[in-house]
Trainee: 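Take a look at this one; I'll ask things after.
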Amino acid sequence: MIAERPFDDAHDLLAKAERVWWSLEPRDWLEAFHSHPKIGEQKAAARTAVEAQKWSADEQSGTRNSPPETMETLAQLNRVYEEKFGYIFIVCASGKSSEEMLAILRARLENPAGEELRNAAIEQAKITQLRLKKLLDIKDEV
């Protein structure tokens, strides 16, 4: 992103961030995935900024007040997913209930590895756009 500067405006920054993301190699995507906590958990595998931790907690607010059985199933299937694909389940959790995330997780467990890596990258791109908008205090008008 440093090489992409200067940015004409917020729209330009968001467009360049999207372009940069899709120019990366899968190993770069996997590195980015380490900055996320598992759905229903608070701590990511890699160190993250306090603000990113707060955003993640806010984005996963759909897991608050969820039935214990749902959270237990999410944790169990998170482990199955990670064993199968080698990285954590990535979903743009903002606005989703724990039941919705669980349904998405179940469906994506059926995917072949290459397709699933692409799905995870798509979700990461959504998260990146959402967080850039939060960072810049941009509402959805961009």
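Since this is a predicted model, take the numbers as computed values, not measurements. The first residue in the sequence is number 1, and the count goes up from there.
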Trainee: Rounded to the nearest 0.5 Å, what separates atom CG in L13 from atom CD in E18?
Mentor: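 So the CG of L13 and the CD of E18 are separated by 11.5 Å.
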Trainee: Taking atom CD as the centre, does E72 end up with more than 12 heavy-atom neighbours from other residues, nucleotides or ligands that are less than 6.0 angstrom away?
Mentor: no
Trainee: Would you confirm whether D12, through its side chain, and D9, through its main-chain N or O, come within 3.5 Å as a donor-acceptor pair?
Mentor: no
Trainee: First locate atom CG of L102, then atom NZ of K96, and finally report the distance between them rounded to the nearest 0.5 Å.
Mentor: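 Separation between the atoms: 13.5 Å.
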Trainee: Is the side chain of E82 donor-acceptor paired with the backbone N or O of I88 at a distance under 3.5 Å, no angle test?
Mentor: no
Trainee: Please identify each residue that fulfils salt bridge (Lys or Arg N to Asp or Glu O under 4.0 Å) with E115, with sequence neighbours left out.
Mentor: none
Trainee: Go through it in stages, so that I can follow the logic: the residues are E123 and F89, the test is side chain to side chain contact (heavy atoms under 4.5 Å, CB included), and I'd like the CA-CA distance, side-chain angles, deciding distance and then a yes or no.
Mentor: CA-CA 10 Å; E123 294 298 308; F89 172 63; over 6 Å; no
Trainee: To the nearest 0.5 Å, what is the distance between CG (L130) and NZ (K126)?
Mentor: 11.0 Å
Trainee: Between S98 and T70, which heavy-atom pair has the shortest distance, and what is it?
Mentor: OG-CG2, 3.5 Å
Trainee: Let me see the working for R118 and W29 under side chain to side chain contact (heavy atoms under 4.5 Å, CB included), right down to the final yes or no.
Mentor: CA-CA 9 Å; R118 180 89 175 154; W29 297 344; 4.3 Å; yes
Trainee: Work out which heavy atom in N78 is nearest to a heavy atom in I39; give both atom names and the distance.
Mentor: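 Heavy atoms of N78 and I39 come nearest at ND2-O, 3.1 Å.
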Trainee: Nearest 0.5 Å, please: how far is CG in L77 from CE in M101?
Mentor: 13.5 Å
Trainee: Looking at E116 and K84, is any side-chain nitrogen of the basic one under 4.0 Å from a carboxylate oxygen of the acidic one?
Mentor: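 The answer is no: the pair does not qualify as a salt bridge.
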Trainee: I need the L117 CG to N111 CG distance, nearest 0.5 Å.
Mentor: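 Separation between the atoms: 11.0 Å.
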Trainee: How far apart are the C-alpha atoms of L132 and L14, what are their side-chain angles, what is the distance that settles it, and do they pass the side chain to side chain contact (heavy atoms under 4.5 Å, CB included) test?
Mentor: CA-CA 7 Å; L132 283 171; L14 294 169; 3.7 Å; yes
Trainee: Using 30° and 60° as the class limits, which term best fits the ring planes of W21 and F33: parallel, tilted or perpendicular?
Mentor: tilted
Trainee: In Å, rounded to the nearest 0.5 Å, how long is the span from NZ of K134 to CZ of R131?
Mentor: 6.5 Å
Trainee: Could you tell me whether a side-chain N or O of K133 sits under 3.5 Å from a main-chain N or O of A10, the two making a donor and an acceptor?
Mentor: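 Here the side-chain-to-backbone pair does not exist.
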Trainee: Would a 4.5 Å heavy-atom cut-off, applied to side chains only, mark V91 and L105 as touching?
Mentor: no
Trainee: Is it true that Q124 and T128 share a donor-acceptor pair across their side chains at a distance under 3.5 Å?
Mentor: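 Q124 and T128 do have a side-chain donor-acceptor pair below 3.5 Å.
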